[in-house]
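Scroll down for the structure; my scribbles are underneath it.
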Amino acid sequence: MKGRILPRSFYARPTVEVARDLLGKYLVHGGCAGVIVETEAYLGTGDIAAHSAAGITDRTRVIFGPPGHAYVYLSYGMHECFNITAEQEGEAGCVLIRALEPVAGLDTMRTRRPGAIHSRDLANGPGKLAKAMGITRGLYGRDLTRGDFVVRDATPQLPVDIAVTPRIGITKSADLPLRFFIRNSPYASRHSQ
DNA sequence: CGTTAGATTTCCT
DNA sequence: GGAAATCTAACGT
């Protein structure tokens with residue numbers, strides 16, 4: 001978990017760049033940490049699959065706020081999913097963190113996800129990742145540039161071979177190539193290869 | 001191993 | 001009222 005905390009300027013960029021550049025970084029929460037191996041970009045314009053396409057509501061407010069904050073929502077009535085906001089304040093855009101390679105706090109993660117036999121199953125999907133890392137809607141809006149819930153640079157930078165495909169599990173704007181993952185990572189979700 | 005159905009709640013129309 | 005950025009167990013092959 002070495003490396004500097006990613007600064008606000010990292011997130012204040014086009015959502016697609018942020019999604020791609022988050023691969024290989026460390027997500028840290030409490031005593032748990034993992035390398036981000038899979039992300040998806042949800043855009044503010046021209047993307048009707050994004051929650052922010054409905055405009056500013058109680059749920060989507062943070063997506064329009066300053067970059068580098070947590071957007072956590074409930075999916076299918078039972079799973080929480082974790083996103084990081086991007087773009088300048090006033091502009092929508094966020095990155096769904098879909099999968100992690102666990103590197104610290106594995107025992108805690110296993111306690112939260114007793115069904116995961118192999119460590120590769122602890123966080124290889126957005127719902128599983130939030131569960132393993134202890135991320136809930138109570139963390140909605142949290143600033144990810146300070147405190148015990150942050151993203152850190154890798155030192156040295158990890159080499160990443162990035163693959164791009166359409167996003168998973170959506171029906172609208174389903175053809176846009178906005179999913180990024182580390183090719184050959186056994187920790188990416190099962191749709192990967 | 002692949003495919004499918006059901007769980008369960010929030011949110012927007 | 002209905003669709004939803006998912007997961008797991010149960011079934012068939």
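In the text below, chain A, chain B and the rest are named by the order of the sequence lines, each starting its count at 1.
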Task: cation_pi(A/Arg167, A/Tyr42) dist<6.0 Å, angle<=45 - done: yes
Task: A/Tyr76 ring over B/dA7 six-membered base ring, under 5.5 Å and 30° - done: no
Open item on the list: Here's one to test your reading of the geometry: is the NZ or CZ of A/Arg13 within 45 degrees of the ring axis of A/Phe10 and under 6.0 Å from its centre?
Closed with: yes
Task: For atom CE of A/Met78 and atom C1' of B/dT8, their distance in whole Å - done: 4 Å
- [ ] Please name the pair of heavy atoms, one in A/Gly169 and one in A/Tyr76, separated by the smallest distance, quoted to 0.1 Å.
- [x] O-OH, 4.4 Å
Open item on the list: Restricting to non-hydrogen atoms, name the atom on A/Val150 and the atom on A/Gly147 that form the minimum distance, rounded to 0.1 Å.
Closed with: CG1-O, 3.6 Å
TODO: On DNA chain C, check which nucleotide each of A/Arg190 and A/Phe82 is closest to and give me the residue with the more 5' one.
DONE: A/Phe82
TODO: Grab the NZ-P distance between A/Lys131 and B/dA7 for me, whole Å please.
DONE: 18 Å
- [ ] Measure the distance from OH on A/Tyr73 to C1' on C/dA3 and round it to the nearest whole Å.
- [x] 13 Å
Open item on the list: Please report the distance, rounded to the nearest Å, between CD in A/Glu80 and C1' in C/dA4.
Closed with: 15 Å
Open item on the list: Using whole Å, what does the distance between atom P of nucleotide B/dC12 and atom CD1 of A/Ile63 come to?
Closed with: 10 Å
- [ ] When you get a sec, tell me which of B/dT8, C/dA4, C/dT6 is the closest nucleotide to the side chain of A/Pro126?
- [x] C/dT6
Open item on the list: Please classify the nucleic acid contact of A/Arg59 as base, sugar-phosphate, or nothing, using heavy-atom distances under 4.0 Å.
Closed with: sugar-phosphate
TODO: Using only side-chain N and O atoms of A/His51, determine if any of them is under 4.0 Å from OP1 or OP2 of C/dA5.
DONE: yes
TODO: Report which part of the nucleic acid A/Arg137 touches: base, sugar-phosphate, or nothing (heavy-atom distance under 4.0 Å, all strands).
DONE: sugar-phosphate
Open item on the list: Base, sugar-phosphate or nothing for A/Asn83? Non-hydrogen atoms, less than 4.0 Å.
Closed with: base
- [ ] Rounded to the nearest angstrom, tell me the gap between atom CZ in A/Arg61 and atom P in B/dC11.
- [x] 12 Å
TODO: Look at A/Asp121 together with A/Arg190 and state whether they make a salt bridge at an N to O cut-off of under 4.0 Å.
DONE: no
- [ ] May I ask you to say what A/Leu74 touches in the nucleic acid, namely base, sugar-phosphate or nothing, with a heavy-atom cut-off under 4.0 Å?
- [x] sugar-phosphate
TODO: Answer yes or no: does a side-chain N or O of A/Thr171 lie under 4.0 Å from OP1 or OP2 of C/dA3?
DONE: no
- [ ] Report the base-pairing partner of C/dA5 (Watson-Crick or G-U wobble, both distances below 3.5 angstrom), or none.
- [x] none
TODO: Could you please name the partner base of B/dT8, counting Watson-Crick and G-U wobble pairs only when both distances are under 3.5 Å?
DONE: none
- [ ] Report the distance from atom CZ of A/Phe181 to atom CG of A/Leu23, rounding to the nearest 0.5 Å.
- [x] 10.0 Å
Task: OP1 or OP2 of B/dC12 under 4.0 Å from side-chain N/O of A/Thr57 - done: yes
Open item on the list: Could you tell me how far apart A/Asn124 (CG) and C/dC7 (P) are, to the nearest whole angstrom?
Closed with: 8 Å
- [ ] Please state whether the phosphate of C/dA5, meaning OP1 or OP2, lies under 4.0 angstrom from any side-chain nitrogen or oxygen of A/Arg179.
- [x] no
Task: Whole-Å distance separating the CD atom of A/Glu40 from the P atom of C/dA4 - done: 15 Å
